[in-house]
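Notes follow once the structure below has been shown.
Note that the structure is predicted; figures quoted are calculated from it, not measured.
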Amino acid sequence: MSTFSIRDLPKTNTFTQKLPPDPQYPTPSSSHKEERSKLGPRLVREAAYTYVRPDGFEKSELVGVSQTALKDLAIDPSTVESEDFKDTVAGRKIITLDNGTEPKDDAIYPWAQCYGGYQFGQWAGQLGDGRAISLFETTNPKTKARYELQLKGAGKTPYSRFADGRAVVRSSIREFVVSEALNALGIPTTRALSLTLAPQARVRRETMEPGAIVARFAQSWLRIGTFDLPRSRGDRDTIRKLADYAAEEVFGGWDKLPGKIDSNDTTPSTGVPKDELQGETEHQQNRYTRLYREIVRRNAKMVAYWQAYAFTNGVLNTDNTSIMGLSIDFGPFAFLDNFDPNYTPNHDDHMLRYAYKNQPSIIWWNLVRLGESLGELIGSGDRCDEEEFVKEGVRKDWADELVKRAETLIEATGEEYKAVFMAEYKRLMTARLGLKQCKEGDFETLYSELLDTLEALELDFNHTFRKLSHISTEQIDSEEKRKEVAGVFFHHDGLGSLVGEEKDARQRIAKWLETYRTRVLEDWSDSPEEERFAAMRSVNPKFVPRSWILDEIIERVEKKDRIIMSSTQEGTNNMEKMIFERSMTDKELLSLKDVYERITNPTTISQEAYRQLMQQISAADQRAKAYKPKYLKKKCW
Ligand SMILES: Nc1ncnc2c1ncn2[C@@H]1O[C@H](COP(=O)(O)OP(=O)(O)OP(=O)(O)O)[C@@H](O)[C@H]1O
């Protein structure tokens with residue numbers, strides 16, 4: 001059998017089996033028996049998690065399920081209407097317990113992860129899963145990928161601090177849509193399986209709002225903050241356990257980690273045995289260096305994707321930086337509209353710490369914090385398993401050697417971070433521009449010049465690539481034609497008001513198109529142009545979930561919610577429809593479900609459908625201008 005109902009899914013709990021539990025509730029039954037109110041906020045030490053049961057909504061509606069997620073988790077789509085599925089993703093049922101029986105000590109029982117973090121550069125102490133509860137892990141038998149399924153918004157945990165453990169409809173819709181959109185674009189991300197609304201539940205935010213739960217999943221929910229917390233407490237033992245768990249369970253074994261690389265080599269070999277040491281003295285690399293390298297390289301690739309698709313996370317604290325190199329925690333995220341490197345969707349980020357242009361360096365800042373947490377293990381070289389070191393830590397007489405080695409290796413891994421980031425970024429931009437290779441000089445004359453042009457003329461980043469995917473070399477084979485074609489990059493109503501003369505703008509774009517054309521002809525001399533168009537369209541999405549679009553969906557769902565609350569009969573059945581619909585023009589409704597399918601199958605759209613979509617998008621873009629002050633932070637100069 002290749003797909004399962006949620007009940008029959010193969011399930012594991014390596015996280016709780018291999019990592020230290022909250023000493024106050026060391027077994028599932030000890031937590032299960034406890035009154036819920038006593039499971040509330042407190043500091044948890046020397047632990048990676050606490051067993052905690054979800055506090056699901058009594059009444060709820062399953063309104064959205066991602067088909068791609070079902071496939072990736074090997075869940076049979078015909079079973080999502082079952083009570084088992086609905087009750088599990090709404091947190092009403094612990095599917096691993098038979099009819100609510102008391103759990104045995106080795107039961108697969110829900111847990112919340114303990115972690116801390118640096119927020120806006122300052123140490124914030126213990127944070128943890130304050131509103132997320134993991135249910136179980138499941139391995140897709142076909143792909144062999146193992147995922148941890150988790151509910152967000154299913155009630156308080158010991159890590160809820162002063163908050164309520166809930167999530168509201170707004171943020172849940174945003175997380176549901178963007179997780180799956182990023183995944184469809186090939187951007188490493190945590191995923192969303194389902195969206196459940198609880199229209200009757202009242203969650204206090206600025207006003208009272210209905211609640212929601214997103215069932216989400218990831219190959220790992222470990223964050224840099226998971227390592228920060230034990231480090232801040234001098235808890236060496238937990239750090240080591242977390243590191244071993246990450247290598248053995250998350251990355252599939254020590255031998256899967258990347259070995260030492262030579263200076264010009266960007267692809268390290270794997271298969272290095274667990275205990276092998278590579279390099280000499282202060283460069284001596286043990287298995288923990290390889291673990292660090294893996295995490296660094298994954299994050300370098302992820303952030304390259306963000307830059308190439310102009311995605312901004314908005315809150316890149318260390319508790320929001322994944323060990324797996326996944327986009328994680330979707331708070332005030334946004335895709336850039338006009339290309340503005342200083343843009344941040346986070347209105348509280350006055351220093352622009354997490355602005356688009358700063359993302360690669362801030363992820364590295366976070367990775368250095370991880371390097372510090374793992375520093376003792378990285379720096380210990382061939383002595384990492386010596387009993388005295390494991391139990392007592394570093395002896396004074398070799399502390400200097402250890403520190404020097406750790407510093408040297410972290411710094412060297414930083415060079416690798418830059419190299420991997422640049423290689424990946426170039427690869428992605430090369431593909432987006434429809435070129436076969438990045439030749440010497442391309443980066444300056446083509447890539448950087450395009451970005452400068454987009455910034456100077458306030459043009460839309462993602463539309464530009466999509467539009468380029470339709471321009472033949474013949475359409476731009478003379479200066480006159482290039483100036484004419486330049487107009488397609490303008491917004492529907494021309495250029496922004498501050499960016500000068502249209503004539504100059506056309507000239508600038510035409511100049512770039514000339515360089516571009518030369519390079520296209522070099523790379524594609526013996527292939528039909530349709531081939532290039534198809535390649536470009538497969539990496540340049542027609543549609544990205546922009547903030548104003550998400551807002552429209554939310555507004556429509558919320559309006560419907562009010563109706564539902566005033567009349568119990570009305571509407572919950574229509575909720576799915578409401579979620580997946582959005583108004584693109586006043587007259588025409590385009591189902592987000594369609595959009596979804598288009599996101600997930602970027603190549604299947606017909607020319608005609610594409611033309612229509614483009615028309616709709618330009619109309620929508622025009623309207624979006626009214627939204628801009630809300631989303632586009634003013635440039636700081
Ligand atoms: N409503 C809430 N109830 C309890 N804890 C919360 C709530 N909102 C946020 N937190 C906690 O505050 C911390 C920072 O919040 P942040 O918004 O970064 O995370 P989140 O969106 O809740 O979770 P995640 O990172 O898992 O997506 C986390 O520890 C989070 O669990």
Side-chain angles (χ1 to χ4, degrees), residues 308-309 338-339 426-495 499 501-544 598 601-619 621:
Y309 281 88
N338 291 350
F339 185 69
K426 279 185 189 168
R427 184 183 74 77
L428 293 166
M429 291 292 277
T430 303
R432 294 202 76 179
L433 285 171
L435 298 176
K436 289 185 175 170
Q437 53 187 315
C438 179
K439 286 195 176 162
E440 197 167 340
D442 280 353
F443 200 78
E444 291 72 26
T445 57
L446 214 52
Y447 304 6
S448 297
E449 178 53 24
L450 176 65
L451 298 187
D452 288 346
T453 304
L454 296 183
E455 184 184 5
L457 302 180
E458 298 184 2
L459 299 180
D460 187 287
F461 185 78
N462 279 301
H463 281 177
T464 297
F465 289 96
R466 188 69 197 180
K467 284 171 178 166
L468 272 178
S469 320
H470 291 83
I471 298 172
S472 67
T473 46
E474 200 211 314
Q475 275 174 289
I476 49 172
D477 64 4
S478 72
E479 182 66 4
E480 205 180 322
K481 283 186 184 174
R482 287 190 283 272
K483 282 187 185 159
E484 180 60 32
V485 162
V488 305
F489 298 103
F490 297 168
H491 286 281
H492 191 68
D493 53 352
L495 284 167
V499 292
E501 291 293 321
E502 182 175 324
K503 200 168 106 243
D504 296 343
R506 282 185 187 271
Q507 199 150 9
R508 182 162 185 178
I509 296 170
K511 187 160 177 272
W512 184 86
L513 284 172
E514 186 180 7
T515 318
Y516 177 61
R517 181 175 178 275
T518 311
R519 281 293 293 108
V520 167
L521 288 172
E522 276 170 21
D523 278 14
W524 291 86
S525 55
D526 31 340
S527 327
E529 208 140 44
E530 270 309 318
E531 216 177 287
R532 172 170 67 87
F533 289 157
M536 289 179 79
R537 283 174 217 155
S538 71
V539 291
N540 293 324
K542 294 168 290 298
F543 178 86
V544 287
R598 292 171 194 199
N601 294 308
T603 50
T604 57
I605 191 165
S606 70
Q607 278 296 314
E608 175 55 15
Y610 171 70
R611 198 185 56 74
Q612 282 173 10
L613 187 71
M614 273 304 161
Q615 269 175 5
Q616 287 165 339
I617 284 178
S618 359
D621 256 2

Check Lys436 against Ser527 and note the closest heavy-atom contact, atom names and distance. NZ-OG, 3.5 Å

Using a 3.5 Å distance criterion without hydrogens, assess whether the side chain of Arg466 forms a donor-acceptor pair with backbone atoms of Arg537. yes

To the nearest 0.5 Å, how far apart are CD in Glu444 and CG in Asp452? 11.0 Å

Begin with the C-alpha distance, continue with both residues' side-chain angles, and end with the deciding distance and a verdict on salt bridge (Lys or Arg N to Asp or Glu O under 4.0 Å) for Arg508 and Glu449. CA-CA 10 Å; Arg508 182 162 185 178; Glu449 178 53 24; 3.5 Å; yes

Sequence neighbours excluded, every pair satisfying salt bridge (charged side-chain N to carboxylate O under 4.0 Å, His left out) that has a member inside residues 517-527: Lys439-Glu522, Asp442-Arg519, Arg519-Glu522, Arg519-Asp523

Which atoms form the tightest heavy-atom contact between Arg506 and Gly487, and what is the distance? NH1-N, 3.3 Å

Strictly distance-based, threshold 3.5 Å: is any side-chain N or O of Trp524 a donor or acceptor partner for the main-chain N or O of Glu531? no

When rounded to the nearest 0.5 angstrom, what distance separates CG in Asp477 from CD in Glu514? 11.0 Å

How close do Gly434 and Arg532 get, counting heavy atoms only, and between which atoms? O-CD, 3.7 Å

Run the side chain to side chain contact (heavy atoms under 4.5 Å, CB included) check on Leu459 and Asn338 step by step: do they pass? CA-CA 5 Å; Leu459 299 180; Asn338 291 350; 5.7 Å; no

With heavy-atom distances below 4.5 Å as the criterion, would you say the side chains of Ile476 and Lys481 are in contact? no

Between OG1 of Thr473 and CG of Leu513, what distance do you get to the nearest 0.5 Å? 12.0 Å

Going by heavy atoms in the side chains, are Tyr309 and Val544 under 4.5 Å from each other? no

In Å and rounded to the nearest 0.5 Å, what is the CZ to CG distance from Phe489 to Leu468? 4.0 Å

Please report the interatomic distance CG(Asp504) to CD1(Ile509), rounded to the nearest 0.5 Å. 11.0 Å

Met429 CE to Phe465 CZ distance, which is reported to the nearest 0.5 Å: 4.0 Å

His463 vs Val488 side-chain heavy atoms within contact, under 4.5 Å: no

Check whether any side-chain heavy atom of His470 sits under 4.5 Å from a side-chain heavy atom of Met536, and report yes or no. no

Quick one, Leu446 and Trp512 - any side-chain contact, counting heavy atoms below 4.5 Å? yes

If you compare all heavy atoms of Cys438 against all heavy atoms of Lys426, which two are closest, and at what distance to 0.1 Å? SG-CD, 3.8 Å

Any pair with a residue in residues 438-458 that passes ring pair (Phe, Tyr, Trp, His ring centres under 6.0 Å), sequence neighbours left out, goes on the list, sorted by first then second residue, please. Phe443-Tyr447

For the student: nearest non-hydrogen atoms of Phe339 and Leu454, plus distance: CB-CB, 3.7 Å

Could you go through Glu479 and Arg482, starting from their C-alpha distance and side-chain angles, then the distance that decides it, and tell me whether this counts as salt bridge (Lys or Arg N to Asp or Glu O under 4.0 Å)? CA-CA 5 Å; Glu479 182 66 4; Arg482 287 190 283 272; 3.5 Å; yes

State which residues pass side chain to side chain donor-acceptor pair (under 3.5 Å) with Glu484; sequence neighbours excluded, sorted by chain then number. none

Mind listing the closest non-hydrogen atom pair of Ala505 and Phe490 along with its distance? CB-CZ, 4.1 Å

